[in-house]
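Have a look at the structure below before the remarks.
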Number of protein chains: 2
Amino acid sequence: MAWDTEGTRRRLREAATAEFAERGLDGTTMTRIATRAGINKERLYSYYGDKNALWAVVLTDELDKLASAVALTGAGLDDIGDFAGATYDYHAAHPELGRLLQWEGLTRAPAADVARRSAHYREKVERFAQAQRDGLLAPGLDPDHLCFALIALAAWWQTVPQLAEMITGAGGDDLDERARRRAFVVEAARRLASPKA
Amino acid sequence: MAWDTEGTRRRLREAATAEFAERGLDGTTMTRIATRAGINKERLYSYYGDKNALWAVVLTDELDKLASAVALTGAGLDDIGDFAGATYDYHAAHPELGRLLQWEGLTRAPAADVARRSAHYREKVERFAQAQRDGLLAPGLDPDHLCFALIALAAWWQTVPQLAEMITGAGGDDLDERARRRAFVVEAARRLASPKA
DNA sequence: TAAAACTCCAACGGATGCGTTGGAATTTGA
DNA sequence: TCAAATTCCAACGCATCCGTTGGAGTTTTA
């Protein structure tokens, strides 16, 4: 059997991503990661250093995936709805990233990649502002707050799934409920941003 | 010095609330709680059992405080706005609750006090449904999803403060920004629920 | 063929945390 | 006055985890 060092690295990284998303930095043990990957613990340390370094690698990787995933194309009402829907879809399909960011936020650690993420969001806000000036979106709403609210609508479900289940009576694994939630998110985004009313 | 068992209980509970909100269930140590309260660890165990039981007590307490601070009186458009505003105010003034709920959301443990919390929310949802039938709220929106979205709008700021700061460019300790956020939440809630449009 | 790189395995030292225990003060109430 | 309750203190047994180490196979490369 030929060596596959890159495969070993990848399997370790994937196992670490899953474990970190599941249990956070504190709750994850290096032994569990190695066992999950089916690789010896010694390899884990020799490739990735200590636990904190591994955490940084995992988070940076997932942020890169996010950066190249969701885009805001136009700035009309339809685009707003699409954006909210796509964001909801991404979080529903990739709950690991949301969970990783939550763990990061709760541990009061300085957020990773602040500059790039800030620029990313400011570009979206500026697009909203322009759309407002063009009369495509409701005037009187702060575009930054609107942007933030759209993300809230899309991400809140994954953030407090227990609360979502208590209120709706169904879990996020229920496909029908998931579709209803998505439809609500899109409709709510449109109502929020609509220039009428 | 006279005994003050109730004070001892309270100090332990308050210390536990602060520590749990700060570090979560796993990250918190019983020794830290006792030290923070200035009370011996043995008292902590004799009063509250083990760590999980203490966690449940803390969470139930904080949810009770929220429930008695934020009431949904009527079901008209103004009441919806007031409800959203009051919820925002409470979370802004008591960020611990949001953090506790977030920790709970991240640990896959079954939520504490599910029955009572579910009943509490279902009562609100039912009120929304009735208001819809009366034509006071927008038809076509699932009342449970609407209820969930209102909480999202109010709580999301405290949940991901780093994200809020990246998007708005100001922190939650900025009083002007805080007022703008509150105004946005109230307005957004009204736009969401409004029967017009 | 020989050296270098990769992998597995078992076990260690040090640290931390949970929950408990035994003992000794102090205060309360009968 | 005396028993019960409250508090503090120090330490224990047990478990877990981190990060490392020494040794032994296997595969590649030179």
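Chain identifiers are assigned alphabetically (A, B, ...) following the order of the sequence lines, protein sequences preceding nucleic acid strands; residue numbering begins at 1 within each chain.
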In whole angstroms, the gap separating C1' of C:dC9 from CG of A:L44 amounts to 15 Å
Winner on side-chain proximity to A:T5, out of D:dT6, C:dT7, D:dC8, is C:dT7
The side-chain contact (heavy atoms from CB on, under 4.5 Å) partners of B:S118 (sequence neighbours excluded) come to A:M166, B:V114, B:R122
note: A:R9, atom CZ; C:dA5, atom P; distance rounded to Å ~ 14 Å
In whole angstroms, the gap separating P of D:dT26 from CZ of A:R43 amounts to 17 Å
(Q) Between B:R116 and B:D64, does any side-chain N to carboxylate O distance fall below 4.0 Å? (A) yes
ask   = Would you say A:Y47 reaches C:dC6's phosphate, i.e. side-chain N/O to OP1/OP2 under 4.0 Å?
value = no
**Request:** Look at all strands and tell whether B:G27 reaches a base, only sugar-phosphate, or nothing, counting heavy atoms closer than 4.0 Å.
**Result:** nothing
Between CZ of B:R32 and P of C:dC18 the distance, given in whole Å, is 11 Å
side-chain contact (heavy atoms from CB on, under 4.5 Å) filter on A:V57, not counting sequence neighbours, yields A:R13, A:Y48
Contacts of A:A92 meeting side-chain contact (heavy atoms from CB on, under 4.5 Å) (sequence neighbours excluded), chain-then-number -> A:Y88, A:Q158, A:R178
Would you say a side-chain N or O of B:T8 is under 4.0 Å from OP1 or OP2 of D:dT7? yes
For nucleotides 19-21 of chain C, which of its nitrogen or oxygen atoms have a protein nitrogen or oxygen under 3.5 Å away, and what is each distance?
from: C:dG19; atom 1: OP2; to: B:Y45; atom 2: OH; distance (Å): 3.4
from: C:dG19; atom 1: OP2; to: B:K51; atom 2: N; distance (Å): 3.4
from: C:dG19; atom 1: N7; to: B:K41; atom 2: NZ; distance (Å): 3.4
from: C:dG19; atom 1: O6; to: B:K41; atom 2: NZ; distance (Å): 3.1

Here the distance between atom P of C:dC6 and atom CD of A:E6, to the nearest Å, is 11 Å
Here the distance between atom C1' of C:dT16 and atom CZ of B:R23, to the nearest Å, is 14 Å
Applying ring pair (Phe, Tyr, Trp, His ring centres under 6.0 Å) to A:F184 and not counting sequence neighbours gives B:H145
From CH2 of A:W55 across to P of D:dC18 the rounded distance in Å is 14 Å
Residues 179-190 of chain A vs side chain to side chain donor-acceptor pair (under 3.5 Å), sequence neighbours excluded, gives A:D78-A:R190, A:D89-A:R182, A:T168-A:R181, A:E177-A:R180, A:E177-A:R181
